[in-house]
There are 2 protein chains.
Amino acid sequence: GSHSIRENNVWAFLRILPSHLRIVKDSRTARGRCSASWADDLDQVRTLLQLCLDRHFISPGDTNAELFRRGLSCTYGPLGMELRRNLLGQWWDSVTRSRAQVFGIDTLSNSSSSKDGETDVGGKLRIVQPQYLKQILQHLQQDLSKEQIVQELTTILQKSPAVRTNFLQGALEQFIPSLELVNRKLPFGLAETGLCFQPSDDSCCPTEMTQTSLVWFCSPRTSSQWLDHWTRQRLKWWRKFALSPSNFSSSDVPEEELTGLVSRSVKIIYDFPWGPEPLETLCSRGDAELLQTHKGARSKLQCRNGRKTVPHVVSVTGNMDRGLMAFLSNSLQLLKREDSKRKLQQRKVLKLHPVLAPVKVAIDIGKGATIELRQVCEGLLQEFMEAKISTWPGYLETMPVTMEQLNNKYDEMGVLFTLVISDNTLESGLLQVRSRDTTVKETMHISEVKNFISRYITAADKI
Amino acid sequence: GSHSIRENNVWAFLRILPSHLRIVKDSRTARGRCSASWADDLDQVRTLLQLCLDRHFISPGDTNAELFRRGLSCTYGPLGMELRRNLLGQWWDSVTRSRAQVFGIDTLSNSSSSKDGETDVGGKLRIVQPQYLKQILQHLQQDLSKEQIVQELTTILQKSPAVRTNFLQGALEQFIPSLELVNRKLPFGLAETGLCFQPSDDSCCPTEMTQTSLVWFCSPRTSSQWLDHWTRQRLKWWRKFALSPSNFSSSDVPEEELTGLVSRSVKIIYDFPWGPEPLETLCSRGDAELLQTHKGARSKLQCRNGRKTVPHVVSVTGNMDRGLMAFLSNSLQLLKREDSKRKLQQRKVLKLHPVLAPVKVAIDIGKGATIELRQVCEGLLQEFMEAKISTWPGYLETMPVTMEQLNNKYDEMGVLFTLVISDNTLESGLLQVRSRDTTVKETMHISEVKNFISRYITAADKI
């Protein structure tokens, strides 16, 4: 790859890893990790990051790679972008189509703070308008006392809107308009996905995250059951797409670590090579925040379930940037094998789940690219695009590479099938189909290949 | 609806409309609008906004309705959210699947300004971290001179990242890593969609917009042809989903209105009842911004097309919030008809294109809801959800309403088909299917209805 991670830099952040791993080991002695496997783990992290750069999952740059590794939004390349798109689409379908009573909403990312009568200007990330900044600086040039400056600045900051850190508040505000949709009947939920922002301690830039959120409103006596229900559902979802499902687990948050008004909380955790990190957090939150958002107007919040009750809230909040990292980490297989010159080489295969894989098919030409062969490729590409099967136009590549190099590249991209068109295709209509997972090459008629791949993906989705 | 727009408020912003319309009229005298049709237009705007509130396209609140009308991001309800989702999905498919050489990317929404060495602190929207705000206020309390305060404040604001106003800069930065994907061959494009922010003149909150962006890199001598190509493609796309395609048009931006480095520009325009507004803007931008972004490093930017050239840039930037408003406005039909009591009533039908309609099917129960009938409904709902057909669970509604009221409601929601399950369904498997567009009621067997609706949507997509 032309954008290799600088040695020093990778090791700079990998150097902090052993201590993390030690904590993991101490708390999980049953698994008995030893130093040899630590070294393997570190090697795997490094290989994964390099692969993500080489294969355009993420954009070059050390800062960018570091954001990515930390499970934050970074600048994604075409493959990362498509993978995240697939992941978000699956989350959305799974949550909004699992039950009739989940509705999607879309709220603004910044909210006027004057509205909620807040006075603490220092507590939140704020978007400040350029004309206000100019005003501040102009005031300072002029003949204003320091007290006046403090006053002016405070007013300006109070007027500037705060940026959302999660979707909870937006969903709580949408509770009343949504009641009409469900005839005041519980339970129901509001789903939203998108960007959220967090203040950062160690840099001037706030961090961005692609969050998913389900805010579930239910009767007080069922909230604990619903927390369990959604935990089961969510864990099942994560494991559905995993190559090693056991790396995904759920774990109760100890009572002493609960914050705010949360009475019970569960985390869905992925066991990264550098230790466990949370992917999704489920919280049983009671009714206090809902009451607070609507200024205690109980009568407006009451639902028609048996008694008139103010619902309890269960929140399910996910970090899909870290989710993406988890699936990449989970699906990378490192295999030793001999190359054609009998040298021992490492084969890297990204065995992403068929519905998540950003590229499903690559189309290539065997020896001797002629105009006719290219036309066949273009026809196939068109057919796949119309069927919404994401396809890599490998035949556009004009650099001479061996079939082995090509297969290695596609394995690293996680491409499910590689099609090779040759002169034989022009004569008999037959082409070669290579599978990423079995490495087996099959011969298939050109008229059958689209349906074969469609059926393969659909079948994988249903398992 | 329980959230009616306050009379005064609607008229407050409708009052400004006649002057807009007058301008439209003057410039388009051929169309000969007269005052009667102005009044109709105003009435239609008001009816549309009320319908969007009543049917949960947008969330209640006058400020929210005003954001929506101005073509900005607002808080969307479930139907608006789904409509926007469908619209963005169609844009994405159309742009990224139209040619092999369009790649999706995803860049950060804020960029560290220290990176681009910018010094003008007042020019951009910035996200300011809470700890910095605290620092500013603390400094002011302490014994600092005014010069020191100016210095501190300037430094803090310079460090704070600017928020993106469009996707152009991000795509220009991704040009070099993308070159590898295409073997340095032109043309190719980078696509991105998401939130962008704009400073607002009249309020403390910056405005948010759902933008779509294609940045197309091509050889200098073809840039004008590509501008024409993409204009034709985009206009065709907008018109594909329209009920009255003639309301969408393209128009060259006069030379004297071109800004910055843009040498030619075309706008796709929708003729709203209050006048024309741009939905998507295409610009031929030359190579200056690309060179500037990469600090004039020509050799890194050169492509392998005949001579070694630095590519020219054609940008295609759309506002999908306004696009959503355009399709809603375009698809609302107001029909006069007599109700069952022979009173003249207005029938409102939102004839959204089948692929855009946020709800495709509603399932309801005729007289006498029994447990068996509900089970049939739940089975159907499940079947539709698995086929990813968005379905409204009307059978959960327990308020007594007439079939006429129900049909009115679904027509306002733009629901394509309403299924009515009755005792007859249990006996014979037959149910009633009512079409939004023809109002015709057909009898169909329950086993056929899913395929019928799937085929209907697919067929509409292919026209």
Side-chain angles (χ1 to χ4, degrees), chain A residues 2-3 56 59-60 73 75-78 81-82 84 93 97 100 103-110 112 121-131 133-134 136-137 140 146 149-150 153 157 159-161 163 174 177 180-181 183 195 197 199 204-206 208 381 385 388 393 396-399, chain B residues 2-3 56 59-60 73 75-78 81-82 84 93 97 100 103-110 112 121-130 133-134 136-137 140 146 149-150 153 157 159-161 163 174 177 180-181 183 195 197 199-200 204-206 208 381 385 388 393 396-399:
Chain A
S2 60
H3 311 285
H56 301 275
S59 217
S73 272
T75 300
Y76 291 103
M81 199 273 156
E82 198 69 21
R84 202 183 60 164
D93 285 353
R97 298 213 169 99
F103 301 97
I105 54 167
D106 201 274
T107 60
L108 291 173
S109 73
N110 64 72
S112 164
V121 296
K124 292 185 175 174
L125 276 178
R126 288 177 191 279
I127 297 198
V128 184
Q129 297 243 55
Q131 66 264 37
L133 301 180
K134 276 189 187 141
I136 300 177
L137 291 174
L140 285 170
K146 266 173 61 178
I149 295 172
V150 174
L153 194 52
L157 294 175
K159 274 200 287 191
S160 298
V163 194
Q174 292 310 304
E180 210 179 284
L181 281 173
N183 271 308
L195 274 188
F197 300 84
C204 57
C205 283
E208 296 178 28
L381 182 81
M385 279 180 164
K388 305 195 174 172
L396 292 177
E397 181 103 25
T398 49
M399 307 278 270
Chain B
S2 58
H3 309 285
H56 301 276
S59 221
S73 272
T75 301
Y76 291 104
M81 199 275 158
E82 197 69 21
R84 202 183 61 163
D93 285 353
R97 297 212 170 101
F103 301 97
I105 55 168
D106 201 275
T107 60
L108 291 173
S109 72
N110 63 73
S112 162
V121 297
K124 292 183 174 174
L125 275 179
R126 288 178 191 280
I127 296 199
V128 184
Q129 295 241 62
L133 300 181
K134 276 187 187 141
I136 301 177
L137 290 175
L140 286 170
K146 264 172 67 176
I149 294 172
V150 173
L153 193 54
L157 293 175
K159 277 200 287 192
S160 297
V163 195
Q174 292 309 304
E180 211 180 280
L181 281 173
N183 270 309
L195 272 189
F197 300 84
S200 147
C204 57
C205 284
E208 296 179 30
L381 182 81
M385 279 179 166
K388 305 195 175 175
L396 292 176
E397 181 103 27
T398 48
M399 306 279 271

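Heavy atoms only: backbone and side chains are in, while hydrogens, waters and symmetry mates are out. Letters go in sequence order (proteins before strands), and every chain restarts at 1.
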Exercise for review: Tell me, for B:Leu195 versus chain A, whether the close heavy atoms (under 4.5 Å) come from the side chain, the backbone, both or neither.
Suggested key: side chain
Check your understanding: Minimum heavy-atom separation for B:Leu108 to A:Thr75, with atom names?
Key -> N-OG1, 3.8 Å
Review point. Hey, what do you get for CG (B:Leu181) to NE2 (A:His56), rounding to the nearest 0.5 Å?
Key: 4.0 Å
Review point. Distance from A:Asp106 atom CG to B:Arg84 atom CZ, nearest 0.5 Å?
Key: 4.0 Å
Practice item. Find the distance between OG1 (A:Thr107) and CE (B:Met81) and round it off to the nearest 0.5 Å. Key: 10.0 Å
Point to revise | When B:Ser73, B:Ser109, B:Ser59 are compared by non-hydrogen pairs under 4.5 Å with chain A, the top option | key: B:Ser109
Check your understanding: What closest approach, in Å, do A:Asn110 and B:Phe197 show between heavy atoms, and which atom pair accounts for it?
Key -> ND2-CE2, 4.0 Å
